[in-house]
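Only heavy atoms go into these numbers, but all of them, side chains included; no hydrogens, no water, no symmetry mates.
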Amino acid sequence: MAWRNHSAITEFMLTGLSDDPQIEALLFVLFLVIYLLTMAGNLMMLLVIRADCHLHTPMYFFLSNLSFIDLCFSSVTMPKLLQDFLSEKKAISVEGCLTQVFFVFFSSGTEACLLSVMAYDRYAAICHPLLYGQVMRNELCVRLVLVSWGVASLNAIIIVLLAVNLDFCEAQTIHHYTCELPALFPLSCSDISITVNILLCSSLLHGLGTFLPIFFSYARIVSAVLRISSTTGRSKAFSTCSSHLVAVTLFFGSGFLCYLKPPSGSSLDLLLSLQYSAVTPMLNPLIYSLKNKEVKAAVNRTLRKYLL
């Protein structure tokens, strides 16, 4: 049974982002704004994609799933973080900690898979435009999304099983603002070498398994675009990928650094975690809407439909 020799441990204490009440008040306002913008932006994307028939294409089907998972990802950590800003005791139960560990890995894993699937979609659209409709059939799109959710669930279950089998002694303070498995390692009084290696292998397999298809898809895209003689044509082709490339860079850059470097509880760990779990879900709707004429036109049509 989990925590088998440590039944007295019923909760952990989080250090949070600060212990200064004035700074915490400012951080509460900042992250409340971030959370509200995240919710509003992603809900708007979901509404617009669902309401506008012009966006009923594979690309926007994947984007709607990305918006939904961003809502989930942000909601895993942000409400607890906001609560802790207003509390003197930043406690989290053992069960709550395990739940956070699962959903952090599930949400981030699903997002990584979706970004990989979206890269393949862009490859099919640019490199095989005449066959795009046949390649990206509705059935295939649904299967790709279901596989993304399934793979991420399996990876998250493995991670939770690692957390369940950790033994803890007296230390109860997690030097983080949320429960992430690397932050739990310093609290364990058992040998964590095997656990660390399994986590590293799992992160590498999942990370590289989703990043390499993105890399190869864009290698083929760049090769195909460079063969286009028209400057306007090249610019149009690259513009369809620019938003996705920015999202990939933000997510994978901070995610790889956070899970592949040794946990230290430093400010850098906190910043990297905030980047991919709070800031990126807020920025994704902006990234995919500001430079996308189809989305902006759909937003205008939707606003006129529901507000006028």
Looking only at heavy atoms, the pair that brings K90 and D84 closest together is CE-O, 3.5 Å

Before giving the answer on side chain to side chain contact (heavy atoms under 4.5 Å, CB included), spell out for F61 and V145 the whole-Å C-alpha distance, their side-chain angles and the decisive distance to 0.1 Å. CA-CA 9 Å; F61 172 69; V145 168; 3.5 Å; yes

Notebook entry, point to check: Is there a side-chain contact between P79 and Y35, using heavy atoms and a 4.5 Å cut-off?
Noted result: yes

Polar side-chain atom of T280 near backbone of Q275 as donor-acceptor pair, under 3.5 Å | yes

Exercise. Side chains of S74 and M39: closer than 4.5 Å at any heavy-atom pair?
Worked result: no

Next on the checklist: Just checking F28: does its CZ atom have more than 12 heavy atoms from other residues, nucleotides or ligands closer to it than 6.0 angstrom?
Outcome noted: yes

message: Whether the D70 and T38 side chains hold a donor-acceptor pair (N or O, under 3.5 Å, no angle test) is what I'd like checked.
response: no

Any side-chain donor paired with an acceptor under 3.5 Å for Y177 and T15?
-> no

(Q) Could you check whether T178 and Q100, counting side-chain N and O atoms only, form a donor-acceptor pair closer than 3.5 Å? (A) yes

Sorted by chain and number, sequence neighbours left out, disulfide (SG to SG under 2.5 Å) with C97 holds for C179

- Exam field: side chain S217 to backbone P213, donor-acceptor pair closer than 3.5 Å: yes

| request: Under the side chain to side chain contact (heavy atoms under 4.5 Å, CB included) rule, what do F62 and D121 come out as? Steps first, then yes or no, please. | output: CA-CA 9 Å; F62 297 135; D121 173 72; 3.9 Å; yes

Atom CG of D19: over 12 foreign heavy atoms under 6.0 Å: no

Between Y123 and F216, does a ring pair (Phe, Tyr, Trp, His ring centres under 6.0 Å) hold up when you go through it step by step?
CA-CA 9 Å; Y123 157 74; F216 288 117; over 10 Å; no

With a 6.0 Å cut-off (strictly less than), is the heavy-atom count around CD1 of I194, excluding the residue itself, greater than 12? no

Does CZ belonging to F103 count more than 12 external heavy atoms closer than 6.0 Å?
-> no

Residues at least two apart in sequence or cross-chain that pass ring-ring contact (aromatic ring centres under 6.0 Å, His included) with H56, listed by chain then number, are none

Donor-acceptor check, side chain of R137 to backbone of Q134, threshold 3.5 angstrom: yes or no? yes

> Would a hydrophobic clustering, with Ile, Leu, Val, Met, Phe, Trp and Tyr connected at side-chain separations under 4.5 Å, put L114 with F215?
Replying inline: yes

>> For the backbone of Y288 and the side chain of S243, can you confirm whether one donor and one acceptor N or O come within less than 3.5 Å of each other?
In response: no

What I'd like to find out is whether the side chain of F85 reaches to under 4.5 Å of the side chain of L32, using heavy atoms alone. no

